[in-house]
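Okay, so here's the structure we're looking at.
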Amino acid sequence: MSHSNSPLPVTIGVSGASGLLYAVRTIKFLLRANYSIELVASKATFQVWQAEQNIRMPADPVKQEQFWRQQADEWGGKLTCHAATNVGAGIASGSFRTLGMLVIPCSMSTVAKIAAGLSSSLLERTADVHLKERRPLVIVPRETPFSLIHLRNLTTLAEAGARIVPAIPAWYHNPQTIEDLADFVVARALDQLGIDCVPLQRWQGTEPTA
């Protein structure tokens, strides 16, 4: 597994989709491997935390950092949080270099806005920057079933250079917990950035039968 010595951060966007565990596990493993993270959560993320976990996520970026670290139970690395309304943040500029961006989990509303080139929030603007600068943008959509509109929006993003990693776990690594299932998706998403920091039993193939 990799341990970061890169001065460039990983940008994480968290949208208001169900499955915030995916974001928490991503943050945990990146910080544990000493990666720097620039994080922006959409307004809807506050509602999802309240609805799914009955937890209030603080609005203040400094308090948000402590919040995410507590959820991930990880205190290493560097984590910087940004308000979704702060479209003047450093990560909104193409001159701000990163290793890439993950939007995890990604709602269909966020998919549609990024596909349409809208930049009404910092998350959308940052994703747009990664596309225009041709930096890795990884979208982890969390919805089922997909409508034709969803599929067309995802296709638009794929054609623009984004990498689509649906939140679909596997079972060949013999998962024992919900976290094991989530970690498979996180590992495959981070693979798209060339980052290997999730302890995952990868497929080794099978012996041919006689």
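The first residue in the sequence is number 1, and the count goes up from there.
Taking each heavy atom of Ala162 and Ile139 in turn, the nearest pair found is CB-CG1, 4.2 Å. For the pair Val48 and Ala17, the tightest heavy-atom approach, listed with the atom from each and the gap, is CG1-O, 3.7 Å. For the pair Ser42 and Ala84, the tightest heavy-atom approach, listed with the atom from each and the gap, is CA-CB, 4.2 Å. Minimum interatomic distance between Ala187 and Leu200 (heavy atoms only, all atoms of both residues): CB-CD2, 3.6 Å. The nearest pair of heavy atoms linking Ile114 to Leu157 is CG2-CD2, 3.6 Å. Taking each heavy atom of Ala92 and Leu122 in turn, the nearest pair found is CB-CD1, 3.7 Å.
A side-chain hydrogen bond (donor to acceptor under 3.5 Å, both in side chains) check over residues 157-174, counting only residues at least two apart or in different chains, returns the pairs Asn174-Gln176. The stretch residues 133-149 participates, sequence neighbours left out, in no salt bridge (charged side-chain N to carboxylate O under 4.0 Å, His left out) pair at all. Residue pairs that meet the salt bridge (charged side-chain N to carboxylate O under 4.0 Å, His left out) test with at least one member in residues 92-119, sequence neighbours left out, are Lys113-Glu124. The ring pair (Phe, Tyr, Trp, His ring centres under 6.0 Å) pairs that include a residue from residues 62-116 are Trp49-Phe67, Trp49-Trp68, where partners are two or more places apart or lie in different chains. Applying the ring pair (Phe, Tyr, Trp, His ring centres under 6.0 Å) test to every pair with at least one member in residues 123-149, sequence neighbours left out, gives no pairs at all. The list of salt bridge (charged side-chain N to carboxylate O under 4.0 Å, His left out) pairs with a residue in residues 17-41, not counting sequence neighbours, reads Arg25-Asp183, Arg32-Glu74.
In this structure, the side chains of Leu79 and Leu30 stay at 4.5 Å or more apart for every pair of heavy atoms. No side-chain heavy atom of Pro9 sits under 4.5 Å from any side-chain heavy atom of Ile37. By the 4.5 Å heavy-atom criterion applied to side chains, Pro141 and Ile164 are counted as neighbours. The side-chain heavy atoms of Leu193 and Val138, taken from C-beta on, include a pair separated by under 4.5 Å. For the pair Leu137/Gln192, no side-chain contact is recorded, criterion being any heavy-atom separation below 4.5 Å from C-beta on.
Grouping Ile, Leu, Val, Met, Phe, Trp and Tyr by side-chain contacts under 4.5 Å, direct or through others, puts Leu21 with Ile178.
Environment of CZ in Arg152: sparse, with no more than 12 heavy atoms of neighbouring residues, nucleotides or ligands closer than 6.0 Å. Enclosure of atom NZ in Lys132 by more than 12 non-hydrogen atoms of other residues, nucleotides or ligands within 6.0 angstrom is indicated.
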(request) Using the side chain to side chain contact (heavy atoms under 4.5 Å, CB included) rule, take Ser121 and Val87 through it: C-alpha gap first, then chi angles, then the decisive distance, then the call. (result) CA-CA 6 Å; Ser121 73; Val87 292; 5.7 Å; no

(request) For the pair Glu65 and Thr80, evaluate side chain to side chain contact (heavy atoms under 4.5 Å, CB included) and give the outcome as yes or no after the intermediate values. (result) CA-CA 6 Å; Glu65 176 191 337; Thr80 303; 6.0 Å; no

(request) Step by step, work out the side chain to side chain contact (heavy atoms under 4.5 Å, CB included) result for Thr45 and Leu20. (result) CA-CA 8 Å; Thr45 306; Leu20 291 174; 3.9 Å; yes

(request) Begin from the C-alpha positions of Thr126 and Thr11 and carry the test side chain to side chain contact (heavy atoms under 4.5 Å, CB included) through to its verdict. (result) CA-CA 9 Å; Thr126 306; Thr11 303; 3.8 Å; yes

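At least one donor-acceptor pair closer than 3.5 Å links the side chain of Thr155 to the backbone N or O of Leu151. Looking at Ser93, its side chain never comes within 3.5 Å of a backbone N or O of Gly90 through a donor-acceptor pair. In this structure, Asn86 contributes its side chain and Ala83 its backbone to no donor-acceptor pair below 3.5 Å.
Remark: Arg188 pairs with Asp191 by the side-chain hydrogen bond (donor to acceptor under 3.5 Å, both in side chains) rule, at least two apart or across chains. For Gln47, the side-chain contact (heavy atoms from CB on, under 4.5 Å) criterion is met by Ala44, not counting sequence neighbours. For Thr85, the side-chain hydrogen bond (donor to acceptor under 3.5 Å, both in side chains) criterion is met by no residue, not counting sequence neighbours.
Atoms SG and CD1, on Cys81 and Ile12 in that order, are 9.5 Å from each other to the nearest 0.5 Å.
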Please set out all donor-acceptor pairs under 3.5 angstrom arising from side-chain atoms of residues 100-111, sequence neighbours excluded.
{"residue": "Ser107", "atom": "OG", "partner": "Thr110", "partner atom": "N", "Å": "3.1"}
{"residue": "Ser107", "atom": "OG", "partner": "Thr110", "partner atom": "OG1", "Å": "2.9"}

Donor-acceptor list for residues 50-59 side chains, cut-off 3.5 Å, not counting sequence neighbours:
{"residue": "Gln50", "atom": "NE2", "partner": "Asn54", "partner atom": "OD1", "Å": "3.0"}
{"residue": "Glu52", "atom": "OE2", "partner": "Ser18", "partner atom": "OG", "Å": "2.5"}

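In this structure, Val24 is not a member of the same hydrophobic cluster as Val40, with clusters built from ILVMFWY side-chain heavy atoms closer than 4.5 Å. Connection of Val185 to Leu154 is not established within any shared hydrophobic cluster, with ILVMFWY side chains joined at heavy-atom distances below 4.5 Å, either directly or through further cluster members. Follow the hydrophobic side-chain contacts under 4.5 Å out from Ile195 and you reach Val140 in the same cluster. Hydrophobic clustering of Ile, Leu, Val, Met, Phe, Trp and Tyr side chains at less than 4.5 Å, counting indirect connections, unites Leu31 with Leu8. In the hydrophobic cluster analysis, where Ile, Leu, Val, Met, Phe, Trp and Tyr join through side-chain heavy atoms closer than 4.5 angstrom, Ile91 is grouped apart from Ile27.
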